[in-house]
Amino acid sequence: MNELNNINDFIYKVLVDLLFKILPEYRAIVGLENNKYDFSSGVYLFMNEFTSFLCNEIEKDPKSVVVNKAFIFINKVGESNNLEVLNILRVGILEILYTSKSVDRELVSNALSEKLKKYFHEFSKYYN
Amino acid sequence: MIEFLYRDGAKFGNGSTGSMIREELVNGTITSASGSHLTKAQGALNSMRGLLKGNHGTLSTGDRKIIFEIIEDLTTGTGLKW
């Protein structure tokens, strides 16, 4: 099973590297030094933490550079056709955005690509 | 981390990740609208394991109770093992 876990670790690393490339401000916030990745909790919880950070930034200023870059990252990941990557997007990011009380859903929806808008609004089946 | 394992406003269950997995099993597909929460849950279990190992003897009774409640939620009816 360890060999199969390498697949998850690889996806983690690619997504985290992309996030830090688009939003270097977040690397400084998590204090992650180059090439040191903590895979133990997995990419989902990492993305949940990132989304919590994004929600705080949206609350402070929804038009900030950081928020704009964060959605560039989210929409970039959304271009993937890899089912696991899209699942990470749904469960790691979109679900947290959808269920955050401090965030306006319409604002988020307007910032998402057409493809991700659909995934975002599908959470209405599971949440009020 | 706990805030990510329980989400308000759920239409079923208590909004926990475990509830969502049990719902996904009922729906029967990982491409359901909610997405699959199994890998997220496994990551959370790994984190719980790390918390218990790394803080043995220093966790409060309350903290340990919460951790074991999370473990129970994630491993009941989900197919995941502790």
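All chains are named by letter (A, B, ...) in the order of the sequence lines, taking the proteins before the strands, and each is independently numbered beginning at 1. No hydrogens, no waters, no symmetry mates; every other heavy atom, side chains included, goes into these values.
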K.L.:
Any chance CD of Glu25(A) has more than 12 other-residue heavy atoms, nucleotides or ligands included, within less than 6.0 Å?
P.N.:
yes

K.L.:
Less than 4.5 Å to any heavy atom of chain B: does that hold for the side chain of Lys118(A), its backbone, both, or neither?
P.N.:
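Answer is neither: Lys118(A) stays 4.5 Å or more from chain B.
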
K.L.:
For the interface with chain A, which of Leu45(B), Asp8(B), Asn46(B) has the highest count of heavy-atom pairs at distances below 4.5 Å?
P.N.:
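Maximum pair count with chain A is reached by Asp8(B).
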
K.L.:
Between Leu5(B) and Leu45(A), what is the shortest heavy-atom contact and its length?
P.N.:
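Smallest interatomic distance, heavy atoms only, reads CD2-CD2, 4.5 Å.
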
K.L.:
Applying the 4.5 Å side-chain criterion to the ILVMFWY set and letting contacts propagate, would Val65(A) and Ile22(A) be lumped into a single cluster?
P.N.:
no

K.L.:
Calculate, to the nearest 0.5 Å, the distance between atoms OG1 and CD1 belonging to Thr39(B) and Ile11(A) respectively.
P.N.:
9.0 Å

K.L.:
Using a cut-off of 6.0 Å, state whether more than 12 heavy atoms not belonging to Lys65(B) lie near its atom NZ.
P.N.:
no

K.L.:
Measure the spacing between CD of Glu84(A) and OG of Ser36(B) and express it to the nearest 0.5 Å.
P.N.:
7.5 Å

K.L.:
So, for Lys40(B) and Val91(A), which heavy atoms are closest and what is the spacing to 0.1 Å?
P.N.:
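Smallest heavy-atom distance, with atoms named: CD-CG1, 3.6 Å.
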
K.L.:
Where the side chain of Arg7(B) meets the backbone of Ile96(A), is there a donor-acceptor pair that is under 3.5 Å apart?
P.N.:
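Yes; judged by distance alone, with no hydrogens or angles, the pair exists.
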
K.L.:
Under the ring-ring contact (aromatic ring centres under 6.0 Å, His included) test, which residues partner Tyr6(B), sequence neighbours left out?
P.N.:
none

K.L.:
Apart from Phe10(A) itself, which Ile, Leu, Val, Met, Phe, Trp or Tyr residues share its cluster (side-chain heavy atoms under 4.5 Å, direct or through members)?
P.N.:
Val14(A)

K.L.:
Relative to chain B, which segment of Thr51(A) carries a heavy atom at a distance below 4.5 Å: side chain, backbone, both, or neither?
P.N.:
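Answer is neither: Thr51(A) stays 4.5 Å or more from chain B.
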
K.L.:
Hey, does Glu49(A) have a side-chain heavy atom less than 4.5 Å from the side chain of Phe4(B)?
P.N.:
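A side-chain contact under 4.5 Å exists here.
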
K.L.:
Could you tell me if the side chain of Tyr44(A) sits less than 4.5 Å from the side chain of Gln42(B), heavy atoms only?
P.N.:
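Counting from C-beta outward, Gln42(B) and Tyr44(A) never come under 4.5 Å.
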
K.L.:
Grab the two heavy atoms, one from Tyr127(A) and one from Lys11(B), that are nearest each other, plus how far apart they are.
P.N.:
O-CE, 3.5 Å

